[in-house]
Amino acid sequence: MEKILIVDDEAFIRENLERILAEDGYRTFSAANGDDAINMVSAEEVDLVLLDLNLGNRSGLDVLRELHQIDPQLLVIIITGYGTVESAVEALKLGAYDYIKKPFKADAIHLIVRLALETQNLRREVRQLRRGGGKDMLDSADMVGSSEQLLQVYRQVREVAKHETAMVLITGESGVGKELVARAIHNLSPRRDRPFVEINCGSLPFNLLETELFGHERGAFTDAKTRKLGLFEEANGGTIFLDEIGEMDMNLQVKLLRVLEDRKIRRLGGNRNIDIDVRVVAATNRNLKQAIDDKAFREDLYYRLNVFPIAIPPLRERREDIPQLLDYFLKRFARAFNKRMREVSREALDLLMRYHWPGNVRELKNVVERICIMHNVEVIKPDHLPSEIWGDAPRAESPFSFEIPPEGIMLEEMICQIEKELIGNAIGITGGNVAKTARLLNVPRGTLRYKLEKYGLTGEDD
């Protein structure tokens, strides 16, 4: 049972929150001031804190800082009045999960607490996996990160891994780590002690790919001097990973569909069927629905493979993972090349955070490796970065519609106009969905809600 600490100097607020949270079966306890809250968190593990910003003699922001010194992973939801929304936004910058405004509705409390606890539970599982059985999944470079998008991928991997026969279709751009996700599904599944076999379907012509997948009998063709087992047989009891499935020849797609439906294969030149017990995980960077329209991929095979889809976001949509990835790769290559590099300067990090990363995590890895090969300095600076990151890449035209008037404009007013137009465009793209807009703009939901109110814009939560 999750434990939630309520910190508010008003007794009726504490009692109201305890009543609301009791409806969901949570264990609650409360504190009337910051010192008591700090003592409680120091004494036992707490899953979530609801913290009022106005605690009489103490600032809620100071209490938030001390709570995070005790437990940096602790999730804190801020409680604020209408007049202190700016302080709530400041709390978000200090690491608060979100905020709720007084007077609050019970439905809003139920939702935000449930989402926060799901996030907390998943983060704990990630830490446990890093220490234990999921090492191959989470200690591998492409899966470094704790963004909401990557946490969602972790959650999907964890769930589908339990169901050892469910087929999985992994989609995403080149370099995002599709193979790693496939391995993670296998490593966390009951099949973990059986083979994991992979093949790139786009790397071989039709005839060679067919015999690689299904094998052949001696004499099946001119050079078939011995029997060869196919990868489906080699993977029996385990997992076969069909990478770049969208590149497979249409004729071979027909045979693959039959294998998936019958759970039997027949070697090339053979006269009997062979039962197989294999989980199939496929991956592609192509838009398979468009390929279906173009008559380049079979619709029936698509729906057979797409039992459990996992979409891996590109790096530019989870930029908050970049510092962790940089730290991981920097330590890895500095150790490998015996270099003394230990950190990235603020200026270089700003450039790396703004770059669009068309090659995703693979490109980031290559950039760090190249820097470690070329230089031997303690701190990576902008002039150590490749030219495409700091200067040679063409700049896009301004996406904003307004111009500076001849009489001039205050800088702060211009920034507000830009921000309002940008948020308005984003909220239009997502159909008014606050959560999706927050992810698109890479800001906390609480911050976005504050901005929407500030500029008179509207949006809806999930």
Side-chain angles (χ1 to χ4, degrees), residues 133 136-137 140 157 160-171 177-284 286 288 297-298 300-310:
D136 289 339
M137 170 187 174
S140 298
V157 167
V160 77
K162 303 173 187 175
H163 306 282
E164 56 179 307
T165 60
M167 296 185 201
V168 182
L169 180 61
I170 305 169
T171 57
K178 296 187 289 294
E179 178 190 346
L180 184 63
V181 170
R183 287 185 177 275
I185 292 169
H186 174 76
N187 291 339
L188 294 175
S189 77
R191 298 177 180 267
R192 66 176 66 89
D193 296 326
R194 303 297 296 168
F196 176 86
V197 177
E198 60 182 300
I199 186 168
N200 187 315
C201 298
S203 63
L204 296 172
F206 168 78
N207 291 336
L208 289 180
L209 182 57
E210 182 181 20
T211 189
E212 281 294 313
L213 290 175
F214 308 127
H216 61 73
E217 297 287 355
R218 179 181 179 182
F221 48 87
T222 303
D223 294 327
K225 302 188 185 319
T226 60
R227 169 187 288 175
K228 172 183 171 58
L229 299 184
L231 296 183
F232 271 94
E233 286 184 86
E234 291 185 12
N236 202 34
T239 302
I240 186 167
F241 175 47
L242 305 176
D243 197 8
E244 300 306 338
I245 189 71
E247 307 304 320
M248 181 179 283
D249 182 271
M250 289 286 282
N251 292 321
L252 192 53
Q253 290 179 32
V254 176
K255 296 187 177 184
L256 175 61
L257 178 62
R258 188 178 305 118
V259 169
L260 299 182
E261 290 177 342
D262 298 340
R263 296 283 176 174
K264 299 177 186 293
I265 61 107
R266 178 177 292 187
R267 300 189 194 111
L268 193 64
N271 55 16
R272 68 183 183 89
N273 291 330
I274 302 169
D275 293 331
I276 55 166
D277 172 26
V278 175
R279 185 214 281 271
V280 176
V281 179
T284 182
R286 293 186 64 183
L288 291 187
F297 200 83
R298 292 183 62 91
D300 47 6
L301 178 58
Y302 169 77
Y303 286 112
R304 194 72 185 88
L305 291 168
N306 197 39
V307 174
F308 193 96
I310 297 179

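A quick note: this is a predicted structure, and the numbers were derived from the prediction, not measured. Positions are given from 1 along the sequence.
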Q.
Side chains of K264 and R258, heavy atoms from C-beta outward: is any pair under 4.5 Å?
A. no
Q: Mind checking the OG1-CG spacing from T211 to D223? Nearest 0.5 Å is all I need.
A: 11.0 Å
Q) Which pair of non-hydrogen atoms, one from A166 and one from V160, has the smallest distance, and what is that distance? A) CB-CG2, 4.3 Å
Q: Please assess R266 against N273 for the test side chain to side chain donor-acceptor pair (under 3.5 Å), listing each intermediate value before the final yes or no.
A: CA-CA 5 Å; R266 178 177 292 187; N273 291 330; 3.2 Å; yes
Q: Indicate the atoms forming the closest heavy-atom contact of E212 with L204, along with that distance.
A: CG-CD1, 3.7 Å
Q. How many angstroms lie between CD1 in I245 and CD1 in I170, if you round to the nearest 0.5 Å?
A. 12.0 Å
Q | Check: V168 and V157 side chains under 4.5 Å, non-hydrogen atoms | A | no
Q.
With a 4.5 Å cut-off on side-chain heavy atoms, are V280 and F232 touching?
A. yes
**Q.** CG on D277 to OG1 on T165, rounded to 0.5 Å
**A.** 8.5 Å
Q: Please examine the side chains of I276 and V259, heavy atoms only from C-beta on, and report whether any two atoms are closer than 4.5 Å.
A: yes
(Q) Within the 4.5 Å heavy-atom criterion, are L169 and I310 side-chain neighbours or not? (A) no
Q | Nearest atoms (heavy-atom pairs only) where F241 meets A182 | A | CD1-CB, 3.6 Å
Q) Considering only heavy atoms from C-beta outward, does the side chain of E247 approach that of R286 to under 4.5 Å? A) yes
Q: Please identify each residue that fulfils ring pair (Phe, Tyr, Trp, His ring centres under 6.0 Å) with F221, with sequence neighbours left out.
A: H216
(Q) Is it the case that over 12 heavy atoms from other parts of the model lie below 6.0 angstrom from the CZ atom of R263? (A) yes
Q) Do you know the tightest heavy-atom contact between C201 and M248? A) SG-CE, 3.8 Å
Q. Could you give the distance from CD (E179) to CD (E198), rounded to the nearest 0.5 Å?
A. 4.0 Å
Q.
Tell me which pairs pass side-chain hydrogen bond (donor to acceptor under 3.5 Å, both in side chains) where either residue lies in residues 235-245, with sequence neighbours left out.
A. H186-T239
Q: Using the side-chain contact (heavy atoms from CB on, under 4.5 Å) rule, take L213 and L242 through it: C-alpha gap first, then chi angles, then the decisive distance, then the call.
A: CA-CA 10 Å; L213 290 175; L242 305 176; 3.8 Å; yes
Using residues 300-309 as the side-chain source, report each donor-acceptor pair under 3.5 Å to any protein atom, sequence neighbours left out, with the distance given to one decimal.
unit_1: D300; atom_1: OD1; unit_2: R298; atom_2: NE; d: 3.0
unit_1: D300; atom_1: OD2; unit_2: R298; atom_2: NH2; d: 2.7
unit_1: Y302; atom_1: OH; unit_2: N306; atom_2: ND2; d: 3.3
unit_1: R304; atom_1: NH2; unit_2: L260; atom_2: O; d: 3.3

(Q) Quick check: do I274 and R272 have side-chain heavy atoms less than 4.5 Å from each other? (A) yes
Q) Considering all heavy atoms of both residues, which atom of D249 and which atom of F206 are nearest to each other, and what is their separation? A) OD1-CD1, 3.6 Å
Q. What pair of heavy atoms forms the shortest contact from I265 to F214, and how long is it?
A. CD1-O, 3.8 Å
